[in-house]
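Order of listing sets the numbers, starting from 1, for every ligand and every atom in it. The first residue in the sequence is number 1, and the count goes up from there.
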Amino acid sequence: MAKSLHAVMVPFPVQGGINPLMQLAHLLSERGFFITFVNTEWCHRRMLDAGGHALQQPAEGFRFLTIPDGLPAKHERYTDLITYLRALENLAPVLEQRLLVTLSEGIPPITCIIGESYMSCTYQLALNLRVPRVVFWTMCAALSISQFKAELLLSRGHIPVKLGEAKRAENLITCLPGNLPPLLPTDLISFYRAESASDALVKRFLYESQMQNKGDYVLVNTVEELEGREAVAALSINGCPAMAVGPLFLPNFLAHRDVVRSTSMFAEDESCLEWLDAQQPASVIYVSFGSTAVKSKQQLEEIALGLENSQRPFLWVLRKDIAQGEPGILPQGFLERIRDRGLIVRWAPQVKVLSHPSVRAFLTHSGWNSVMESFSFGIPMLGWPYFMDQFLNCRFVKDMWKIGMDFEGVDVDENKLVTREEVEKGVRRIMESEEARQRVFKLKEAAMKAVNPGGSSFLNLNKFVEEITQIAKSFAR
Ligand code: UDX
């Protein structure tokens with residue numbers, strides 16, 4: 001089919017940012033868009049090293065554009081977030097240049113730039129190219145609102161979040177729009193935790209918030225039935241449309257498209273699927289802390305022993321860099337002792353794992369993609385947030401949606417060590433919880449309904465295609 005529309009998609013270059021944008025790209029491609037998918041050279045290299053076949057032979061109507069992020073190859077991008085964000089902010093000129101020289105016959109004119117909400121460079125880029133900027137939130141609507149309205153929170157004294165005062169009842173946040181329940185100070189993006197508003201990360205995220213308030217259309221990777229239409233609408237920029245279109249991975253999964261694999265920055269170990277085939281139905285706890293969380297050697301030892309003592313079959317994703325290069329992170333004799341009951345892999349095909357009938361529960365860092373993948377397959381969660389939006393996700397999973405738990409009484413806000421006894425107890429509780437299981441099944445049904453023809457996310461995405469085409473025409477005049 002000849003395509004007349006063209007979306008330039010600019011993800012935030014981390015795994016949890018690239019996945020949802022690639023999922024959206026496939027759904028837009030299906031709806032008549034030609035796709036230019038922008039990767040930084042650093043991510044592109046990692047994807048190729050992980051076996052990224054899609055990069056070498058893109059699907060029809062897709063192309064990958066690769067640009068330098070301006071940092072040395074060895075720079076610690078995730079631990080030095082300020083430098084990373086600053087470097088990404090400056091990408092507009094190089095991206096514009098690359099787009100202009102590569103627009104050739106057969107490629108339709110650009111309809112819109114869809115930029116992850118932290119890719120502030122897409123504002124200037126869209127302005128220069130005279131096309132609409134779509135702000136795409138990869139986090140849940142509630143957290144996105146708190147970031148979108150960060151200036152308001154600063155003026156009310158909720159930012160910065162001083163941990164010493166955060167637990168006081170009078171500090172509940174009730175001034176946000178979108179019919180949100182009162183938020184705890186520790187629900188906010190963890191980078192607002194500081195003693196002063198002049199803290200460099202606080203300033204950086206306030207700046208990002210200003211840039212997130214500029215755009216022509218808003219998309220959110222969430223489900224209206226979960227968070228409410230009002231919450232999504234609260235992300236509108238000056239009255240522009242704001243639509244929930246998630247969970248974006250799900251329609252791709254249902255269409256048998258292995259989308260995430262095409263842009264994975266880690267080599268997937270599929271052997272765990274055979275291992276799961278050999279386990280009893282609903283008997284396994286899946287353990288993964290996403291793509292960026294790190295843990296100390298001591299903490300990993302406690303997790304290992306807690307899993308062992310729980311006596312439950314487990315599949316544990318232990319990324320190579322989880323302990324930042326520390327060797328020998330597992331207790332002596334551990335692998336030998338758990339051989340018949342546990343499996344450790346470096347990186348799993350997570351969506352396939354969570355959809356496997358042997359999996360009963362998920363011990364997760366509560367990254368938003370992981371949370372949506374989990375509830376879409378009816379898997380209750382034991383949350384262990386690490387940073388960013390994960391604290392709010394974890395709390396909402398437990399308190400609002402009641403589809404999971406946390407480590408009761410353990411102050412993970414202050415990065416306290418979770419002992420082997422606490423791990424064991426947590427695993428047992430989530431594996432035995434009937435209430436969380438029943439509730440998550442209901443949510444699974446709602447998510448399925450939302451992405452299928454006639455469902456809220458399905459219709460919202462169609463509406464987006466219709467409306468952005470009209471908006472783009474008005475820009476071209
Ligand atoms: C980051 C932030 O940590 C998160 O809070 C934010 O919501 C998105 O960006 P990340 O740590 O990568 O994300 O977590 P998450 O959002 O859960 O995304 C991880 C992705 O990697 C998921 O799509 C998951 O399916 C995939 N994954 C993870 C695998 O494919 N295999 C694995 O072994 C682990």
Undergrad: Identify, by atom number and element, the atoms of ligand 1 in contact range of F387, meaning under 4.0 Å from any of its heavy atoms.
TA: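 Here the atoms of ligand 1 in question are 3 (O).
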
Undergrad: For Y286, state whether at least one heavy atom is located under 4.0 Å from any atom of ligand 1.
TA: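 True for this residue.
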
Undergrad: Could you tell me, atom by atom, which parts of ligand 1 come under 4.0 Å of a heavy atom of T292?
TA: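 Those qualifying, in numeric order: 3 (O), 11 (O).
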
Undergrad: Could you walk me through whether V135 and E116 pass side chain to side chain contact (heavy atoms under 4.5 Å, CB included), step by step?
TA: CA-CA 6 Å; V135 175; E116 208 278 338; over 6 Å; no

Undergrad: Between H365 and ligand 1, is there a nitrogen or oxygen pair with a distance under 3.5 Å?
TA: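 For ligand 1, there is an N or O atom that lies under 3.5 Å from one belonging to H365.
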
Undergrad: Just jot down the ligand 1 atoms closer than 4.0 angstrom to any heavy atom of D389, in number order.
TA: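 Answer for ligand 1: 4 (C), 5 (O), 6 (C), 7 (O).
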
Undergrad: Tell me whether R86 forms a cation-pi arrangement with Y207, defined as NZ or CZ under 6.0 Å from the six-membered ring centre and within 45 degrees of its axis.
TA: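 Here R86 fails the 6.0 Å and 45° test against Y207.
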
Undergrad: Are the side chain of E270 and the backbone N or O of P349 linked by a donor-acceptor pair below 3.5 Å?
TA: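 Pair absent, no side-chain N/O of E270 close to backbone of P349.
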
Undergrad: Mind checking whether Y386 contacts ligand 1 via backbone (N, CA, C, O), side chain (CB onward), both or neither, at a 4.0 Å heavy-atom cut-off?
TA: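 It is neither; nothing of Y386 touches ligand 1.
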
Undergrad: What protein heavy atom lies closest to atom 9 (O) of ligand 1? Include the residue and the distance to one decimal.
TA: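 Of the protein heavy atoms, G16 CA, 3.8 Å lies nearest.
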
Undergrad: Between E424 and R428, does any NZ, NE, NH1 or NH2 come within less than 4.0 Å of an OD or OE carboxylate oxygen?
TA: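 Salt bridge flag = yes for E424 with R428.
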
Undergrad: L172 versus L184: any side-chain heavy-atom pair under 4.5 Å?
TA: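 Side-chain contact under 4.5 Å: yes.
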
Undergrad: Under 3.5 Å, which donor-acceptor pairs do the side chains of residues 244-255 form with other protein atoms, sequence neighbours left out?
TA:
unit_1: N252; atom_1: OD1; unit_2: R257; atom_2: NE; d: 2.9
unit_1: N252; atom_1: OD1; unit_2: R257; atom_2: NH2; d: 3.2
unit_1: N252; atom_1: ND2; unit_2: Q23; atom_2: O; d: 3.2
unit_1: N252; atom_1: ND2; unit_2: L248; atom_2: O; d: 3.0

Undergrad: Minimum distance, heavy atoms only, to atom 12 (O) of ligand 1: which one of P349, S291, A293 is it?
TA: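 Nearest heavy atom to atom 12 (O) of ligand 1 lies in S291.
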
Undergrad: Give me the residue, atom name and distance of the protein heavy atom closest to atom 17 (O) of ligand 1.
TA: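 The closest one turns out to be S370 OG, 2.5 Å.
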
Undergrad: Can you confirm if the aromatic rings of F191 and F387 lie within a centre distance of less than 6.0 Å?
TA: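 F387 vs F191: aromatic centres under 6.0 Å.
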
Undergrad: W347 vs F266 aromatic rings, parallel, tilted or perpendicular, using cut-offs 30° and 60°?
TA: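 Answer is parallel, since the angle falls under 30°.
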
Undergrad: Quick test of your reading of the structure: of V317, N369, N393, whose heavy atom lies closest to atom 15 (P) of ligand 1?
TA: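 Residue with the shortest heavy-atom distance to the ligand atom: N369.
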
Undergrad: Tell me which one of M22, Q350, E373 gets a heavy atom nearest to atom 23 (O) of ligand 1.
TA: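 Of the listed residues, E373 has the closest heavy atom.
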
Undergrad: Please confirm whether F205 and Y118 have ring centers closer than 6.0 angstrom.
TA: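 Yes - the distance between ring centres of F205 and Y118 falls below the 6.0 Å cut-off.
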
Undergrad: Do the ring centers of W42 and Y78 come within less than 6.0 Å of each other?
TA: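 Judged by ring-centre distance (under 6.0 Å), W42 and Y78 do meet the cut-off.
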
Undergrad: List every atom of ligand 1 that sits less than 4.0 Å from any heavy atom of Q390, numbering the atoms from 1 in the order shown and giving each element.
TA: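 What qualifies from ligand 1 is 2 (C), 3 (O), 4 (C), 5 (O).
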
Undergrad: At a non-hydrogen distance cut-off of under 4.0 Å, which region of S288 contacts ligand 1 (side chain, backbone, both, or neither)?
TA: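 Side chain only; the backbone of S288 stays clear of ligand 1.
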
Undergrad: Looking at ligand 1, is there an atom of it that comes within less than 4.0 Å of some heavy atom belonging to R346?
TA: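 So R346 does not count as touching ligand 1.
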
Undergrad: Under 4.0 Å, counting heavy atoms only: does F12 come that close to any atom of ligand 1?
TA: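 Not so, F12 does not reach ligand 1.
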
Undergrad: Return the option from A348, S264, G290 holding the heavy atom at the smallest distance from atom 31 (N) of ligand 1.
TA: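 Checking each option, the heavy atom nearest atom 31 (N) of ligand 1 is found in A348.
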
Undergrad: Which atoms of ligand 1 have any heavy atom of W368 under 4.0 Å away?
TA: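 It comes down to these atoms of ligand 1: 7 (O), 16 (O).
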
Undergrad: Quick check on K352: does its NZ atom have over 12 non-hydrogen neighbours (other residues, nucleotides or ligands) under 6.0 Å away?
TA: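 Atom NZ in K352 is crowded, with more than 12 foreign heavy atoms closer than 6.0 Å.
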
Undergrad: At a 4.0 Å cut-off, with the gap strictly under it, does some heavy atom of T138 reach an atom of ligand 1?
TA: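 For ligand 1, residue contact (heavy atoms, under 4.0 Å) with T138 is absent.
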
Undergrad: Can you report which non-hydrogen protein atom sits closest to atom 29 (C) of ligand 1, along with the distance?
TA: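 The closest one turns out to be W347 CZ2, 3.2 Å.
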
Undergrad: Can you list everything that forms a side-chain hydrogen bond (donor to acceptor under 3.5 Å, both in side chains) with N90? Sequence neighbours excluded, please.
TA: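 N90 satisfies side-chain hydrogen bond (donor to acceptor under 3.5 Å, both in side chains) with no other residue.
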
Undergrad: Check each heavy atom of N19 against ligand 1 and say whether those closer than 4.0 Å belong to the side chain, the backbone, both or neither.
TA: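 For N19, the contact with ligand 1 is made by the side chain alone.
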
